[in-house]
There are 2 protein chains.
Amino acid sequence: MTPESYQLDDTDRRILLALDEDPRVPTMMLAQRLGLARGTVQTRMERLASSGALRPNSSRVKPASVGRGVSAVVSAELDQSHLEEAIAALSLIPEVLECVAPAGDTDLLIRAVATDPDDLYRVSEEIRLCPGITRTSTSMILRDVIPYRTTALLNNLS
Amino acid sequence: MTPESYQLDDTDRRILLALDEDPRVPTMMLAQRLGLARGTVQTRMERLASSGALRPNSSRVKPASVGRGVSAVVSAELDQSHLEEAIAALSLIPEVLECVAPAGDTDLLIRAVATDPDDLYRVSEEIRLCPGITRTSTSMILRDVIPYRTTALLNNLS
DNA sequence: GGTATCACTGATCATTTTGACTAACATGGA
DNA sequence: TCCATGTTAGTCAAAATGATCAGTGATACC
């Protein structure tokens, strides 16, 4: 079942919102909080999970709480013919939390963390040495202006 | 209690890993899976939650599943004297999922989603019109090379 | 050496939740 | 009108929860 195969309705949205703010809330409490029958919520949650609307991982761990207080954006240019190799190598670096391929001049945008600026240097060197990567530019993140959220989106679906 | 006030140990890490891959696993199953007493896991989870190691929100919702299949990185330059205004305005745009302030030439890096390229244009216009923002550059994300993860990090703590 | 503190274990208890079923009811489409 | 689907509201045994407790090692401190 692909993510698009099923259109979420208002009830799904409310369930997702509630789950987002408290992933471990018991189904029964959720049901009475939303004014629904337990069976309904149960069915919906199963469907949401199997349809892929909920990611398998929850991403609730703050890197800072495991000693990675410094985070950075690394943009990398690469030899396109070695794309897959580069991806494989990047995947092996634990400090690489995320990587996307945008259209435009930069080939890869990488989100990385480190314990301190020195460590960040080490991490960015590791990234630079990945096969196929020709050039990197690292910017430390000074402020997390809006931490990742989907709440606003869920609240504003027509 | 600040996030740094308490050093996570191996047990905490294993709990976080398990919770990350299945946020709704019952405490008891978690305990027997990790080979710990239920009370121990219960105590740890309470501490992890109150110490801030676990984010309040789980971020498990895939934007694609709510019809936002297009995502982009928007870099914005701004009039620094209007920073707070810009942030406030950006926060009001539901399609803005995340925003960080990196050191360097770009002042803000914004992660946004949209229903389709046309809609992305609309969203990036909304961003551009935020007070204080002088200039933006939008790059559609062609591929989610490494989706956000903390698993590798948790697995590689010394 | 003795002792206090702390975390973990393994046990209890009543209460709540779960998963897997029903049957009844409403609604909207063929 | 009939049918499929989603919702509600029940049931049931099994399991999990939250709140305890005493016992056992560690570790640190005097």
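In what follows, chains are A, B, ... by sequence order, proteins preceding strands, each numbered from 1.
- Heavy-atom nearest nucleotides on DNA chain D were determined for A:G35 and for B:Q42, and the one closer to the 5' end corresponds to A:G35.
- Residue B:D10 qualifies as enclosed at atom CG: its count of foreign heavy atoms under 6.0 Å is above 12.
- At whole-Å resolution of the value, CD in B:E46 and P in C:dC8 are 13 Å apart.
- Nucleotide D:dT17 holds its P atom 14 Å from the CG atom of A:D22, rounded to whole Å.
- Nearer the 5' end of DNA chain C, as judged by each residue's closest nucleotide, is the contact made by A:M28, out of A:G39 and A:M28.
- Using a 4.0 Å cut-off, some side-chain N or O of B:R47 falls inside it from OP1 or OP2 of C:dA7.
- A donor and an acceptor atom never sit less than 3.5 Å apart when one is taken from the side chain of A:R38 and the other from the base of D:dG10.
- Rounded to an integer number of Å, the gap from A:M45 CE to C:dA20 P is 13 Å.
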### Task
Could you walk me through whether B:L16 and B:D20 pass side-chain contact (heavy atoms from CB on, under 4.5 Å), step by step?
CA-CA 6 Å; B:L16 289 177; B:D20 196 56; over 6 Å; no

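- Which of D:dT17, C:dC8, C:dA20 sits closest to the side chain of A:R24 comes down to D:dT17.
- The listed nucleotides are C:dA7, C:dT18, D:dT17; the one nearest the side chain of B:P26 is D:dT17.
- The side chain of B:T27 contributes an N or O atom lying less than 4.0 Å from OP1 or OP2 of D:dT17.
- Taking 4.0 Å as the cut-off between side-chain N and carboxylate O, A:E125 and A:R122 do not count as a salt-bridged pair.
- Out of C:dT9, C:dT17, D:dA16, the shortest distance to the side chain of B:L36 is found at C:dT9.
- Distance B:L30 CG to D:dT17 C1': 14 Å, rounded to the nearest Å.
- Across every non-hydrogen atom of B:A18 and B:L30, the tightest pair is CB-CD2, 4.0 Å.
- Within 6.0 Å of atom CZ in A:R143, more than 12 heavy atoms from other residues, nucleotides or ligands are found, so the atom counts as buried in its surroundings.
- For A:T40, a side-chain nitrogen or oxygen approaches OP1 or OP2 of D:dT8 to under 4.0 Å.
- Distance, B:M29 CE to C:dT17 C1': 13 Å, rounded to whole Å.
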